[in-house]
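Chain letters run A, B, ... following the sequence lines, proteins first, then strands; residues in each count from 1. Keep in mind that this is a model prediction, so the values were computed, not measured.
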Number of protein chains: 2
Amino acid sequence: MTKKEELLQAAQNRVREGGYNNFSFRELAKEVGIKSASVHYHFPTKADLGAELAKQYTNNFILALGDVKTLHNAGNNPIAVFVAQFKQALHHDQKMCLCGLLGAEADILPQPVRTEIKRFFSQNLAWLEQAYLYHEPTNKLQAKQSAIKTISLLEGAMMISIASQDNSIFDSAIAGLADH
Amino acid sequence: MTKKEELLQAAQNRVREGGYNNFSFRELAKEVGIKSASVHYHFPTKADLGAELAKQYTNNFILALGDVKTLHNAGNNPIAVFVAQFKQALHHDQKMCLCGLLGAEADILPQPVRTEIKRFFSQNLAWLEQAYLYHEPTNKLQAKQSAIKTISLLEGAMMISIASQDNSIFDSAIAGLADH
DNA sequence: CCAACACTGCCTATCAGTAGATAGTTTAAT
DNA sequence: ATTAAACTATCTACTGATAGGCAGTGTTGG
């Protein structure tokens, strides 16, 4: 892993714990073993780092989901796949969704970061909408609404589980979500 | 409104926009027209201010909901009341739920603040559980799960609406929630 | 083949601004 | 005379950012 990648990874952990203001160039530098001035070589400003962080997070997230049509044709329920990916993010890392936390504080984000956060949700909603269209008989409007309900439930459940330090809240929230 | 109340109000606005790290004693002092050192007279430390902020927010929130039994007996659907209060928080202030945002960054909060955030959710879940028990034929376990699903959906929908700068997302998410 | 050059990735040193917090003082009301 | 609520002045620590240096790694023209 390059220093640049290490910096992004360190930043991701900190942002997922405490938001955009919870990391500094000095802390990241210390963690990866370089000086804070050198971080500016890789990312000219903090906003640049934040924007690239959100961009890569979104891209990796969508990539890991896979293709809706492919999943469906292989006999997998894409909605279950989506839910499982959120569950993994919580149970494995014990941290918030990066874009969930940043989304909540969107008002104070530099615009390039905010743009990437918006993209995360528009892309995930589009993915989920397709998932509902493939998986159950419905129309576009209904599928859109189901997509919104599903991702809202997941982000909210994640948040409350972390606030309450109780992952069983998340499990209760998603019970029966991807059945039938 | 006393200076202390003004400080709490100013802090609330800032926290609901960008989390715990998004306010400083200097900014609050400037906004209410005193010096930053004077803020320490009212709140010895930042953690004290944060804890009192979360405490009052929770108390006011529960108080505004009213009594489940009273609502039910007056022919009102308590679940609809709960949903309406979240909708109001979003549409009126165009800001996140204070405890929602703070809950997401619970890992970095001073313990007294974190304790208050936990209380917000345990109290709201208890209120909602009662609401479901009163409003529809169910058992305690089902009511608990419904409570978790409902508050998760509301907090998540709020978050995504703010991230996307689109309140219609919230409205879609709650469509049909408090019917029948 | 090799000297000149440029690029990469880091460094030191430093800046102005802001953070939370403290000690001690003034002002005004009780 | 006491107390509440503000003040001035100051501290140490940290913030993002900049200027400029330096070693290593090509890369290229004579």
Side-chain angles (χ1 to χ4, degrees), chain A residues 1-56 101-102 105-116, chain B residues 1-56 101-102 105-116:
Chain A
M1 205 159 51
T2 67
K3 289 290 179 192
K4 186 170 184 176
E5 288 167 335
E6 285 184 60
L7 287 169
L8 285 171
Q9 187 57 55
Q12 182 176 140
N13 289 333
R14 282 173 160 76
V15 172
R16 286 180 66 188
E17 275 174 7
Y20 187 74
N21 291 321
N22 196 44
F23 76 93
S24 72
F25 277 33
R26 275 171 180 73
E27 281 177 346
L28 298 189
K30 196 169 192 177
E31 181 166 333
V32 310
I34 61 176
K35 297 294 168 182
S36 80
S38 305
V39 180
H40 286 278
Y41 168 76
H42 298 286
F43 308 97
T45 69
K46 185 172 180 176
D48 291 323
L49 197 163
E52 184 149 340
L53 178 59
K55 183 181 178 180
Q56 289 194 13
L101 216 175
L102 288 182
E105 49 189 32
D107 287 346
I108 63 148
L109 296 179
Q111 248 218 332
V113 184
R114 187 170 187 159
T115 302
E116 289 301 323
Chain B
M1 205 157 54
T2 68
K3 289 290 180 191
K4 186 170 184 175
E5 288 168 335
E6 284 184 59
L7 287 169
L8 284 171
Q9 187 56 56
Q12 181 175 143
N13 289 333
R14 283 171 160 76
V15 172
R16 287 180 66 187
E17 275 174 9
Y20 187 74
N21 291 320
N22 196 44
F23 76 93
S24 71
F25 277 31
R26 275 174 181 72
E27 281 177 346
L28 298 189
K30 196 170 191 177
E31 181 167 334
V32 310
I34 61 176
K35 299 294 169 181
S36 80
S38 305
V39 181
H40 287 278
Y41 169 76
H42 299 287
F43 307 97
T45 69
K46 185 172 179 175
D48 290 323
L49 197 162
E52 184 148 343
L53 178 60
K55 183 180 177 180
Q56 289 194 14
L101 215 176
L102 288 182
E105 49 188 32
D107 286 348
I108 62 149
L109 297 179
Q111 247 217 330
V113 183
R114 188 170 185 160
T115 302
E116 289 301 323

Over how many whole Å does the gap from B/Lys30 atom NZ to C/dA19 atom C1' extend? 15 Å
What pairs of nitrogen or oxygen atoms, one from the protein and one from nucleotides 6-10 of chain C, lie under 3.5 Å apart?
{"residue": "C/dG9", "atom": "OP2", "partner": "A/Tyr41", "partner atom": "OH", "Å": "2.8"}
{"residue": "C/dC10", "atom": "OP2", "partner": "A/His42", "partner atom": "NE2", "Å": "2.6"}

Sidechain-backbone polar pair: [X] side chain, [Y] backbone, donor-acceptor under 3.5 Å:
X        : Y       : value
B/Lys4   : B/Phe43 : no
B/Glu105 : B/Gly19 : no
A/Asn13  : A/Ala10 : no

Any residue meeting ring-ring contact (aromatic ring centres under 6.0 Å, His included) with A/His40, in chain and number order, not counting sequence neighbours: A/Phe25
Between which nucleotides of DNA chain D, 5' to 3', does chain B make heavy-atom contacts below 4.0 Å? D/dA4 to D/dA9
Compare every heavy atom of A/Val39 with every heavy atom of A/Ala29, then report the nearest pair and how far apart it is. CB-CG2, 3.8 Å
Difference in axis direction between the ends of the helix from C/dC1-D/dG30 to C/dT30-D/dA1, five pairs, 10°: 10°
Count the heavy atoms of every other residue, nucleotide or ligand shown that sit under 6.0 Å from NZ of A/Lys55, and state whether that count exceeds 12. no
Measure the CG-CG distance between B/Asn21 and B/Leu109 for me, rounded to the nearest 0.5 Å. 8.5 Å
Calculate, to the nearest 0.5 Å, the distance between atoms CD and CD belonging to A/Gln12 and A/Glu5 respectively. 12.5 Å
Using atom names, set out every protein N or O paired with an N or O of nucleotides 20-23 of chain C below 3.5 Å, distance rounded to 0.1 Å.
{"residue": "C/dG20", "atom": "OP1", "partner": "B/Phe23", "partner atom": "O", "Å": "3.4"}
{"residue": "C/dG20", "atom": "OP1", "partner": "B/Lys46", "partner atom": "NZ", "Å": "3.0"}
{"residue": "C/dG20", "atom": "OP2", "partner": "B/Phe25", "partner atom": "N", "Å": "3.0"}
{"residue": "C/dG20", "atom": "N7", "partner": "B/Arg26", "partner atom": "NH1", "Å": "2.8"}
{"residue": "C/dG20", "atom": "O6", "partner": "B/Arg26", "partner atom": "NH2", "Å": "2.8"}
{"residue": "C/dA21", "atom": "OP2", "partner": "B/Lys46", "partner atom": "N", "Å": "2.9"}
{"residue": "C/dA21", "atom": "N7", "partner": "B/His40", "partner atom": "NE2", "Å": "3.3"}

Under 4.5 Å between any side-chain heavy atoms of [X] and [Y], yes or no?
X        : Y       : result
A/Leu101 : A/Arg16 : no
A/Glu31  : A/Arg14 : yes
A/Asn22  : A/Val15 : no

Sequence neighbours excluded, which residues qualify as salt bridge (charged side-chain N to carboxylate O under 4.0 Å, His left out) partners of B/Arg114? B/Asp107
